[in-house]
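Take a look at this one; I'll ask things after.
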Amino acid sequence: MLLQHRFATSYAIFIALLCLFLAGCDNDNSNLLSQSGLVYCSDGAPDNFNPQTGTSYTNFDASARVIFNRLVSTNNSTGIIEPALASHWEMSSDGRSYLFHLRKDVNFQNTQWFQPKRLFNAEDVVFSFNRQKDEQNNFHKQASGEFNYYQNMGLEKNLRAILARTAHQVEFQLVEPDSSFLHTLSMDFASILSAEYAAKIEAQQQPLKNLDKFPVGTGPYKLKKYQQNAVIRYQAHENYYASRVHLKNLVYAITPAPSLRYARLITGECDVLTNPPKSQYELLSKNPDVNIYQKPGLNIGYMAFNTDKKPFDDANVRKALSMAINKARIIDTVYGKLGTNTDTPVPPSMTPFHNPNIKLPKYNPEQSKLLLSEAGHNQLSLELWVLPVQRSYNPNGMLMAELIQEDLRKVGVTTTIVSYEWNTYLDKVRAGEHEMALLGWVADTYDAGDFLRSLLGCTAIKAKTNRSHWCNLEFDALLNQASLADNIEEKIALYHKAQELAVLHLPILPIATGQSVMVANKQVQNLELQTLGGVSFTDVSKVAKDD
Amino acid sequence: MIKLIFRQIFFVLVSFTGVTLISYMVLNSADHGANTSLSYWQYISNIFKGDFGTSLVTAEPTINSFLLHLPASLELVLLSSILALLVGLPLGVIAAKYHRTPIDTIINNISITAYSMPIFWWAILLIVYIAIEFQLTPVAGRLNFIYDIEPVTGFMLIDTFISDQSYRMEAFFDAINHLILPVITLATLPAAIICRMTRQTMLTTLNADYIKTAQAKGLNGFGIYWIHGLRNALIPLTNMLGLQVSTLMTGAILTEYIFSWPGIGKWLLDALSQTDYQALSTGILITTSMVILINAVIELLGFWLNPQTKSSKRIYHG
């Protein structure tokens with residue numbers, strides 16, 4: 001009997017200990033570590049930590065917006081260009097030269113792989129741009145010359161030279177004046193790298209790709225460790241020039257599945273996530289433990305009429321079809337709270353360039369029918385092309401297409417819905433094979449020209465971003481004047497006029513602009529949505545859990 | 001005994017040849033155009049040199065990433081096996097002891113339910129209620145992202161414990177917290193099987209003559225059940241448990257997938273979705289060989305435990 005007791009007792013003690021162990025795990029909140037660190041559930045892994053070669057938001061979120069700074073930055077609320085690494089600048093009277101005066105107190109990050117011996121200076125600026133410009137530069141060759149944004153923004157042709165005038169003055173010489181040049185320099189690809197670090201890599205004969213794999217920048221956080229496809233760890237840059245960084249640790253937990261991002265936020269493993277699907281958004285908006293930050297993004301979802309094809313060459317037909325579509329219902333059904341209506345090709349979020357006085361022709365099926373029969377089309381059979389992917393500017397293309405199909409049926413137009421795999425779709429649309437097509441555009445700069453020129457400019461037909469193939473010389477002249485305009489009022493007026501023209505001719509039907517959404521638990525403070533997309537944790541801090 | 005060991009080694013070698021032949025064929029039939037085809041003998045000799053080829057995706061030796069992911073799986077499988085034994089064995093003995101009483105019926109019903117539950121559904125049920133609804137445990141992963149623990153052994157419980165970070169105990173408990181759901185998920189099926197097998201073999205053993213003799217000699221209840229009964233019931237049990245190793249492996253792959261557990265199972269599934277045949281064949285080859293080896297060892301253990309093959313004074317022999 002004694003033996004039996006001993007066995008039973010030890011088993012009971014073991015189980016009790018196990019329970020104690022498990023119970024001990026509950027007191028994990030309100031410790032110092034989780035207050036000084038923030039976990040962001042990101043949706044993808046970056047290919048490297050270099051914003052010059054990157055093209056995706058995943059890359060920029062992990063590099064440009066944490067590790068690096070640019071000469072100038074865009075104010076997140078006003079969209080105005082502000083000093084960053086450059087304290088001030090002058091433009092020559094012919095607009096072909098910019099002289100930047102650099103700050104003298106900027107530290108590069110002290111990392112495990114590089115300890116800077118000097119402060120930021122003109123050499124770093126010259127190196128960062130020459131890497132993208134100079135074909136003889138070893139780091140240019142190492143990246144196989146793949147500097148997409150540098151090329152797309154026209155710098156390849158327009159940037160004549162970058163010269164260090166003094167240790168803290170850099171001159172940019174342009175071939176042609178460009179009123180968006182400062183906006184271009186605020187973009188992620190214009191981030192400033194350390195020339196001293198690059199020289200060290202070459203001198204020590206390290207692999208050149210180390211420059212992009214183990215980055216060194218001037219930004220608020222420095223890279224500590226990257227576990228492929230799993231976790232990116234950053235630490236505060238203790239000598240950050242612009243402000244004190246509150247978070248000691250910043251962690252990107254790479255979580256491609258939206259449902260897992262959601263679950264991790266709910267259970268407190270992540271503090272922040274972005275752009276949840278509509279169903280999760282609805283659940284989250286009822287959750288008292290999280291804050292939802294949202295504002296209209298700088299994007300637009302639209303329907304293009306291919307004006308090369310009949311009957312879309314007729315502005316009256318385009319107008320009639322636009323009037324047949326019940327946009328209010330589309331926005332309600334497809335976007336819900338994740339989108340807002342826009343009546344012009346420049347989204348309302350892009351104040352002051354958006355023209356708020358323009359209204360699209362009102363929804364009126366009767367009038368639409370009349371216009372169609374006046375134009376001689378009592379029986380129309382059309383194709384509507386649908387994007388197969390979910391985007392913030394169009395969360396459900398197929399649903400939108402079905403609603404449009406039904407609306408058009410009511411005015412006697414038969415519509416066939418056509419869809420292809422995403423890359424095939426884009427190729428075919430670029431080739432101009434479509435009739436009507438659902439598409440979208442996301443801005444890279446805070447400039448209305450970004451939308452108007454890319455979507456409707458004559459030159460953009462050749463660049464294949466103008467999918468309506470509409471070319472209007474008066475419209476193009478307005479855009480050219482705007483890019484040369486001396487003051488902002490003049491520029492605004494010209495852009496407003498251009499939007500009027502676009503809505504009058506309706507080569508595209510602007511539908512909605514998608515919301516940028518960020519969800520964070522209530523401990524996270526000072527989180528701010530970025531107007532130009534992506535995330536920024538520069539000023540973020542955390543408070544203790546109040547329970 | 002020596003003869004038996006040789007027999008097992010021979011059996012292992014034959015199975016290993018079969019497995020390598022299959023993985024060699026998988027590798028060569030796949031149209032990936034990466035490495036110029038090796039002969040089978042080169043393939044085998046490379047394997048014995050520790051060269052399993054390089055991954056088609058990461059361009060790293062596949063054996064390195066296998067070894068990197070192995071500890072996570074071992075940690076999960078070992079703890080699940082321990083839990084399954086701790087729960088299944090006593091329940092089985094109790095059911096046998098209270099044969100044909102309500103206790104037996106209850107245990108029987110629980111084990112049948114646990115036995116027939118699909119692992120996917122069970123895991124999601126646990127996640128939805130325990131992790132999301134009551135927020136007692138995390139939903140996935142091995143450790144909260146905030147903790148930066150240097151992998152030394154690869155076993156999270158050990159690495160957090162020996163870490164020099166100030167938050168090491170916090171991290172240690174967090175690692176335990178992350179283990180709860182995956183371990184319960186993976187242990188459920190084997191626990192049910194162990195419970196049912198223990199009960200069955202116990203009942204058979206208890207009816208044997210030597211037990212009756214022992215009872216006639218006046219041995220008390222504890223001696224009968226835990227020493228004579230269980231010790232002898234363990235013999236057929238160990239053999240059957242050997243067969244459960246592969247069940248456990250399959251379960252581990254599913255469990256790792258559901259809980260984003262960075263072990264071999266998830267690594268294999270990732271390799272599959274990336275059509276990385278080199279990694280896939282390495283993974284399959286090593287895991288299959290491991291199952292074969294474990295089976296062989298367990299079989300030897302069974303022989304060693306069996307009083308009919310080994311004379312030992314420690315065994316009560318009716």
Side-chain angles (χ1 to χ4, degrees), chain A residues 1-8 11 14-15 18 21-29 31-42 224-225 227-233 235 247-257 259-271 283 289 542, chain B residues 57-58 60 65 68 79 82-83 86-87 89-90 124 127-128 130-148 150-151 157 165-167 169-180 183-184 220-227 230 258-260 262 266 270 274:
Chain A
M1 258 347 240
L2 198 74
L3 215 68
Q4 183 175 11
H5 267 296
R6 214 158 70 197
F7 185 86
Y11 192 78
F14 182 83
I15 296 295
L18 202 70
F21 243 44
L22 303 187
C25 326
D26 259 354
N27 52 14
D28 61 340
N29 47 26
N31 54 61
L32 282 170
L33 187 74
S34 58
Q35 265 174 60
S36 65
L38 181 136
V39 182
Y40 166 50
C41 259
S42 66
K224 186 179 173 201
K225 200 193 286 177
Q227 278 167 266
Q228 184 85 34
N229 293 329
V231 187
I232 313 173
R233 295 182 187 284
Q235 274 180 318
L247 296 171
K248 272 198 189 127
N249 297 291
L250 175 65
V251 181
Y252 284 18
I254 299 166
T255 316
S259 56
L260 191 54
R261 285 204 293 278
Y262 173 80
R264 280 182 166 158
L265 182 81
I266 295 292
T267 55
E269 281 217 81
C270 284
D271 297 302
L283 282 174
D289 299 329
K542 266 175 93 178
Chain B
V57 175
T58 61
E60 303 241 342
S65 29
L68 195 72
L79 289 172
I82 293 171
L83 182 68
L86 282 178
V87 175
L89 216 56
I124 286 166
I127 290 175
V128 167
I130 296 183
I132 295 180
E133 190 69 31
F134 297 110
Q135 305 198 0
L136 296 174
T137 67
V139 277
R142 284 182 93 187
L143 193 67
N144 194 315
F145 298 104
I146 205 79
Y147 303 115
D148 184 14
E150 201 58 47
L157 290 183
Q165 303 277 21
S166 57
Y167 47 73
M169 282 322 282
E170 227 180 279
F172 176 72
F173 284 117
D174 186 67
I176 292 179
N177 217 0
H178 276 82
L179 274 162
I180 295 174
V183 166
I184 292 179
N220 64 30
F222 178 77
I224 296 279
Y225 286 104
W226 294 102
I227 298 179
L230 187 59
I258 300 167
F259 291 99
S260 301
K266 189 160 181 297
D270 286 347
Q274 291 166 336

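Reminder, nothing fancy here: chain letters follow the sequence lines and each chain counts from 1.
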With a 4.5 angstrom heavy-atom cut-off, which part of B:S260 approaches chain A: side chain, backbone, both or neither? side chain

B:Q135 versus A:I266: any side-chain heavy-atom pair under 4.5 Å? yes

Distance from A:R233 atom CZ to B:Y147 atom OH, nearest 0.5 Å? 11.5 Å

How far does CD1 of B:I130 sit from OG1 of A:T267, to the nearest 0.5 angstrom? 13.5 Å

Report the option among A:K225, A:R264, A:K224, A:Q228 that has the most heavy-atom pairs separated by less than 4.5 Å from atoms of chain B. A:R264

If I compare all heavy atoms of B:N144 with all of A:E269, which pair ends up nearest, and what's the gap? CA-OE1, 3.5 Å

Which atoms of B:L143 are under 4.5 Å from chain A, going by heavy atoms: the side chain, the backbone, both sets, or neither? backbone

Go through the structure and list residues passing salt bridge (Lys or Arg N to Asp or Glu O under 4.0 Å) with B:E133, not counting sequence neighbours. none

